[in-house]
Amino acid sequence: LNDANPKVTEPAKPISDKFLRANVILSSQKMGIVGENFLGFSYEKSILSTPHFQADNKALIRFFSNLGTGVLRIGGNTVNQTEWHPEGEGYIPFKTSPSDIERLAGFLRAVNWKVIYGLNAATSLEYETANEADFVLQILGDRLESFEVGNEPDLYHKNKLRPENYTYDHFLFDWDYFTSAIKYVSLNPVFSGPSSAHYYAKYTIPFASDRGNKINQLTHHYYRANGKSPDATMDLLLAPDRKLILSLIEMNKVTKLNNIPNGYRMVETNSFYNGGADGVSNAFGSALWLIDYCFTLAKYGAVGANFHGGGKIGGYTPISSHRNGQIVGAEAIYYGMLLFSKMLPGEILNSKIKLKHDNKENFLKTHSVIKSDGEIATVLINTSRIHSIKTKVIYHKSISSATAMLLTAPHLESTKGFQFAGSSIEINGQWSPVNISFIFNSKYALEVSVPSGSAILIQAN
Ligand code: BDP
């Protein structure tokens, strides 16, 4: 494999001589929910013509199943380059053949996940797209959550799929044109959209009012910045993003206002676009980013996030693989997803952090959920490169036992050596947690030390 990571020698993790200290105080106030299908993957449509999604890909099945259930989204730029090929025998690049869909159906049934399926509404003829949709509906049945009609229409003009003067109104016209053709051929197709790249104010927000009664879910994309720009650093990724929050507030508002039944979803997302930033998107810090990012989305009403990837090593992919479907490994993003998945489903509890040291900088982030059986899951994330943080968690109700699982790597910039609960994920997808420690200090509080550049999941009952 020639695109493998160059070997980097990693400096030893610096050891801080002084601990920082903080208290985390939980309250019974609910801040939103994280549903069991919050997590998802997003793959390029081109993946369908490779042997990835099929019922005999046992390793990939395990990688998905480790996270519970979720939503797979087939989309990306290759949606706009792929044609329906009803006579095709399958495995043909940029053509989707019936057998490619049948293999996808087998995979979805094996993992019990659903799919949001992207259709070409940019470079294909409407009757071809409608015929593809009809076939997909018949074969995927209840595994199909919705059709996404086009990928990132707000960039059609930039990507030379439409003329320079293409606007949102033109997009509405295209969307109606393609969805009408699909409705003409199939009974009750379900749509989501608009799956726009970043122009939420110009596309996603008005779409909620203009077509909110024609979709089951409002969808949008998020990346922090261009992965090929020098700004794409770990420090930027770990810093708060005010613009993201503003967009979430707006999307949450219009989703509710227009009664969109399945809410709004970040249907394609990851750290940095253009494939990610090598050394950042595939480094351990991005696992810590992911956990906090998912909670930020949930607190502002999003129902889920689909982490984009597939294939290529060195970028943002959660699971790296060869073109023949063989897995290379679990990347940093996947480890973040794995920890987060253990907190689902639940209601988010309000919590606050009180720093007990003089260092004004706060490296600690925390989120808690309460599950239906009363278990409280708390994640403590320490993004400091040098300081450990002695943290006291103070509960709003009494607890009788607690376990802790550490998510760690040599340091934030490490692109390998990840472990969760003392176990790395094997290439066959197996994860065997071996190091779950039991902690218990008093009826209402416990104390743990969160090592620099790590996260701890505490499950208290
Ligand atoms: C998005 C596209 C996706 C790309 C991704 C990227 O939908 O196909 O792979 O950006 O640039 O805009 O990484």
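Each ligand, and each atom within it, is numbered from 1 in the order the structure gives. All residue numbers in this chain count up from 1 along the given sequence. Reckoned from all heavy atoms, side chains included, excluding hydrogens, waters and symmetry mates.
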Discussion item. Can you tell whether the side chains of Arg224 and Asp241 come within less than 4.0 Å, N to carboxylate O?
Written reply: yes

Worksheet item: Looking at residues at least two apart in the chain, or sitting in another chain, which of them share a side chain to side chain donor-acceptor pair (under 3.5 Å) with Gln138?
Response: Asp134

Worksheet item: Between Asp176 and Lys214, is there a side-chain N and carboxylate O pair less than 4.0 Å apart?
Response: no

Worksheet, complete the sentence: For ligand 1, protein residues within the heavy-atom limit of under 4.0 Å are Glu44, Gly76, Asn77, Asn151, Glu152, Tyr223, Glu268, Tyr273, Asn274, Gly275, His308, Tyr316

Worksheet item: Are the side chains of His221 and Thr269 in touch, meaning some heavy atoms are under 4.5 Å apart?
Response: no

Practice prompt. Report the residues that fulfil side chain to side chain donor-acceptor pair (under 3.5 Å) with Tyr156, sequence neighbours left out, ordered by chain and then residue number.
Written response: none

Discussion item. For Thr96, give me all partners under side chain to side chain donor-acceptor pair (under 3.5 Å), at least two apart in sequence or on another chain.
Written reply: none

